[in-house]
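I have placed the structure first, in the form of structure tokens, so that the comments after it can refer back to it.
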Amino acid sequence: MSAETTESTTSPTTSRSEQGKTTTFSNAPSKTATRGTTPTKRRTASTKRRTTPTTKRRTTPTTKRRTASALAPTGEQPRRSSGSLGTAKARWRYWSIMIGLIIASAAIALGLLAWDNPMPITDDGFWLIAQLRMKNLVVIAIVALCQAFATVAFQTVTNNRIITPSIMGFESLYVAIQTGAMYFVGVTAIVDLKGLVPFTVQLLLMVGLSLALYGWLLSGRYGNIAIMLLIGVVIGGGLGSIATFMQRTLTPSEFDVLAARLFGSVSNSDSSYLPVSIPLCLLACAAIYLMSSRLNVLALGRDTTSNLGLNHKFEMMKVLFFVSILMAVSVSMIGPMIFLGFLVAMLAYQFSDTYDHKYVLPMAALLGFVVLGGAYFVMKNLFYAEGVVSIIIEVIGGGAFLIVIMRKGRL
């Protein structure tokens with residue numbers, strides 16, 4: 001019996017196979033109890049290992065939030081916003097960029113007025129020269145406002161951030177008018193076209209052509225803005241072809257005088273244009289800015305705009321009317337600037353980083369002044385090109401346009 005007990009104690013497997021489970025359990029109760037309690041301890045340890053990290057992970061954030069709420073002042077709630085600039089970081093970034101642009105604009109304006117001024121600032125002659133230069137500064141500000149507001153509003157209405165209002169043929173009409181005057185009248189036509197009356201007539205022609213297109217192509221039941229844009233491209237191409245044909249029949253001297261007018265240049269403007277251009281620019285820009293909330297809705301598309309209670313076609317016609325006024329003023333004052341609006345709008349979208357036009361439009365206007373004023377300062381004081389700013393802007397803007405196209409139009 002003692003041998004069996006010893007054998008069962010030392011080799012439970014052998015005793016189980018030789019004598020059975022009953023003998024083994026009856027002769028070694030302590031070992032049986034030990035074997036019976038060991039799995040329970042293992043299960044308890046594994047349960048602790050499983051529950052301890054989970055419990056910590058689940059309770060730690062809650063405890064932190066409760067502790068923070070307990071330490072916070074009574075009645076103070078965490079600030080949350082669902083607006084255009086929803087976080088403090090976004091607001092800080094936007095206003096930092098705006099302040100930087102304001103400082104840059106002030107520096108450019110001061111440089112245009114004071115750079116290479118032979119008189120000391122305390123002398124009256126300094127301010128006389130600065131007053132003469134003030135005309136170009138005002139022209140730059142007007143063109144920057146017109147291009148920025150018109151391009152952003154036009155891209156919102158068309159729901160396309162690649163095209164610009166130039167697609168409607170404003171530049172082509174300007175080139176056709178200047179070339180036609182030179183072709184039919186002669187060199188004296190360039191002098192005759194400078195003045196308030198020719199400027200007003202040119203404005204009326206451009207705005208009338210655009211309104212005729214809008215009224216004809218968007219008033220019907222099946223009015224489509226895509227068809228309007230295509231017809232604008234066709235009209236612009238046709239006017240450009242006619243202008244090219246007339247230019248080939250001009251003498252070299254006449255063509256040389258005409259070519260100076262066909263470049264976008266601040267020197268093309270005249271102080272007599274300002275009494276008409278300043279009120280038109282301010283009224284159109286103010287109207288577009290006051291429509292910022294409606295532009296936010298129009299950016300959602302035709303169906304969403306109609307579901308939200310706005311007349312999509314009527315709102316679109318209003319925006320396009322003000323866009324045509326701004327583009328007519330800009331082109332009539334300094335000439336074609338094809339990529340200025342695109343460059344300014346693209347930078348405004350990137351820097352503002354919001355959909356709200358209440359923030360996009362002011363930044364676009366400041367960017368337009370910095371780009372146009374900086375290009376004018378460089379061309380005038382470094383290259384002595386007397387305000388021919390279209391060269392730099394076309395190079396930079398064309399390069400930016402190609403980059404956007406290579407990125408498949410993603411802005």
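- Between Leu262 and Pro336 the shortest side-chain heavy-atom distance does not fall below 4.5 Å.
- Ile235 is not listed as a side-chain neighbour of Ser172, based on a closest heavy-atom distance of 4.5 Å or more.
- Taken from NE2 in His312 to CG in Leu300, the straight-line distance is 9.5 Å, to the nearest 0.5 Å.
- Put simply, the side chain of Thr305 gets close to the backbone of Val297: a donor and an acceptor are under 3.5 Å apart.
- If you take OG on Ser332 and CG on Asp270, they are separated by 13.0 Å, rounding to the nearest 0.5 Å.
- Looking at Glu171 and Met337, their side chains never come closer than 4.5 Å, going by heavy atoms from C-beta outward.
- Put simply, the side chain of Phe184 reaches to within 4.5 Å of the side chain of Met246, judged on heavy atoms.
- Atom NE2 of His357 sits about 2.5 Å away from atom OG1 of Thr156, to the nearest 0.5 Å.
- Side-chain atoms of Asp353 and Tyr94 include no donor-acceptor pair closer than 3.5 Å.
- Arg161 is not listed as a side-chain neighbour of Met346, based on a closest heavy-atom distance of 4.5 Å or more.
- Contact annotation: the side chain of Cys146 never approaches that of Met327 to less than 4.5 Å [non-hydrogen atoms, C-beta and beyond].
- No more than 12 heavy atoms of other residues, nucleotides or ligands sit less than 6.0 Å from atom CZ of Arg294.
- Between Leu340 and Val371 there is a side-chain heavy-atom pair separated by less than 4.5 Å.
- Two residues are said to be in side-chain contact when any heavy atoms from C-beta on lie closer than 4.5 Å; Phe199 and Met333 meet this criterion.
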| said: Please determine whether side-chain hydrogen bond (donor to acceptor under 3.5 Å, both in side chains) holds for the pair Thr354 and Asp356, giving the CA-CA distance in whole Å, both sets of side-chain angles, and the decisive distance to 0.1 Å. | reply: CA-CA 6 Å; Thr354 180; Asp356 196 348; 5.7 Å; no

